[in-house]
Amino acid sequence: MKIFIDTAKLGEIKEANSWGIVDGVTTNPSLIKKAVDSLEKKVSMENYIASICKEVDGPVSLEVKSQGAKEMIEEAKKLYNMFNHVNNNVVIKIPVNTAMQDDQENYEGIKAIKNLEEREIPTNATLVMSPNQAMLAAKAGAKYVSPFLGRIDDYIRVKMGLKPGRDFDKVSYFDEKLLEKIKHEKTKEIIREEIKEDIGRIYVNERLKAFSTDVKSGVDVVRKIKKIFENYKFETKIIAASIRNARQVMEVAETGADIATIPFDVIAQMIKHYKTQEGMKNFTKDIIPEYEVLFKK
Ligand code: E4P
């Protein structure tokens with residue numbers, strides 16, 4: 001599985017890239033904001049993004065800002081012309097659907113993806129929350145689709161009646177098997193033990209019944225997209241995005257996702273292990289003088 005780094009912080013990109021583990025970068029307007037907020041001095045956005053493109057020899061996703069297809073196509077062309085010459089690695093992120101409410105047009109993202117595909121500008125369909133959205137984006141010619149694992153899990157948890165902040169936080173692991181357990185009356189008591197007072201409400205919640213036929217978790221969305229893409233031989237690559245913890249990385253790697261885009265702190269979680277630390281302490285403690293001498297020569 002390829003690893004992209006999910007950040008616009010140049011320091012993080014450079015650091016992880018120096019370890020030889022970075023195959024690409026994904027940014028979005030929120031990540032750009034975080035990166036700029038963390039800087040001590042004002043920077044030229046153009047120079048800053050050019051530095052990101054230069055740093056990594058792999059795809060760098062840059063997102064458009066409008067909601068209409070026509071505007072997004074113009075923005076995509078601008079970004080592409082401005083930065084692709086730096087390292088020939090720009091990919092344009094287009095939201096799979098830009099509607100912010102029910103009465104808005106739902107097809108602008110797909111239209112823009114199709115148009116950019118014809119212009120040979122590679123796209124990354126972002127904000128993908130379902131296998132169907134991924135399938136449509138792939139049909140329209142997206143080079144990448146980015147299912148948002150963490151946000152899908154958040155959505156399912158909230159539908160289950162769990163409260164962010166009280167029952168889970170941004171980095172909490174979501175156990176998709178929980179939904180299966182909830183379906184069976186017999187296990188109701190066991191789960192009641194696990195998540196206490198919420199389960200009664202969850203179990204009788206009609207909304208959950210409707211939702212449980214959909215997807216089990218963010219990882220499950222990746223699994224389903226993978227299956228669909230294999231069934232129909234789509235060449236579109238899957239980028240597992242909105243990764244919140246190391247366990248999710250392992251699970252998407254098991255699904256066969258092409259790429260995971262991972263925040264810097266989650267990469268740090270991936271490399272840490274209590275037993276590795278313990279092993280290090282013991283090896284260091286056991287170094288005998290005779291062995292030490294070898295390093296003094
Ligand atoms: C990357 O392509 C996405 O924009 C990013 O992973 C979103 O992550 P978040 O849901 O943690 O904001």
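Atoms within each ligand, like the ligands themselves, are counted from 1 in listed order. Because the structure is a prediction, the values reported are computed rather than measured.
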Distance-only polar pair, side chains of T98 and E108, donor-acceptor under 3.5 Å:
no

Does D6, backbone or side chain, put an N or O under 3.5 Å from an N or O of ligand 1?
yes

How about I288: does its CD1 atom have over 12 heavy atoms from other parts shown lying under 6.0 Å from it?
yes

Decide yes or no for T276 and K272: does some side-chain heavy atom of the first lie under 4.5 Å from some side-chain heavy atom of the second?
no

Hey, is K170 one of the residues with a heavy atom under 4.0 angstrom from ligand 1?
yes

Geometry only, no angles: is T261 polar-contacting ligand 1 at N/O separations under 3.5 Å?
no

Ligand 1 to N28, heavy atom cutoff 4.0 Å, flagged ligand atoms 3 (C), 4 (O), 5 (C), 7 (C)

What's the shortest distance from atom 12 (O) of ligand 1 to any protein heavy atom, and which residue and atom give it?
R151 NH2, 2.8 Å

Interfacing atoms of ligand 1 (cut-off 4.0 Å, heavy-atom, T26):
1 (C), 2 (O)

Which residue owns the protein heavy atom closest to atom 8 (O) of ligand 1, what's the atom, and how far is it?
S242 CA, 3.4 Å

Which ligand 1 atoms does R244 reach within 4.0 Å, using its non-hydrogen atoms?
9 (P), 10 (O), 11 (O)

I52 versus V56: any side-chain heavy-atom pair under 4.5 Å?
no

Any nitrogen or oxygen of K93, main chain or side chain, under 3.5 Å from a nitrogen or oxygen of ligand 1?
yes

Return the orientation label for the F234 and F229 ring planes: parallel under 30°, perpendicular over 60°, tilted otherwise.
perpendicular

What are the two closest heavy atoms between V221 and P147, and how far apart are they?
CG1-CB, 4.1 Å

Below 4.5 Å, heavy atoms only, C-beta onward: do V64 and I92 meet side chain to side chain?
yes

Got the closest protein heavy atom to atom 7 (C) of ligand 1, with its distance?
F148 CE2, 3.7 Å

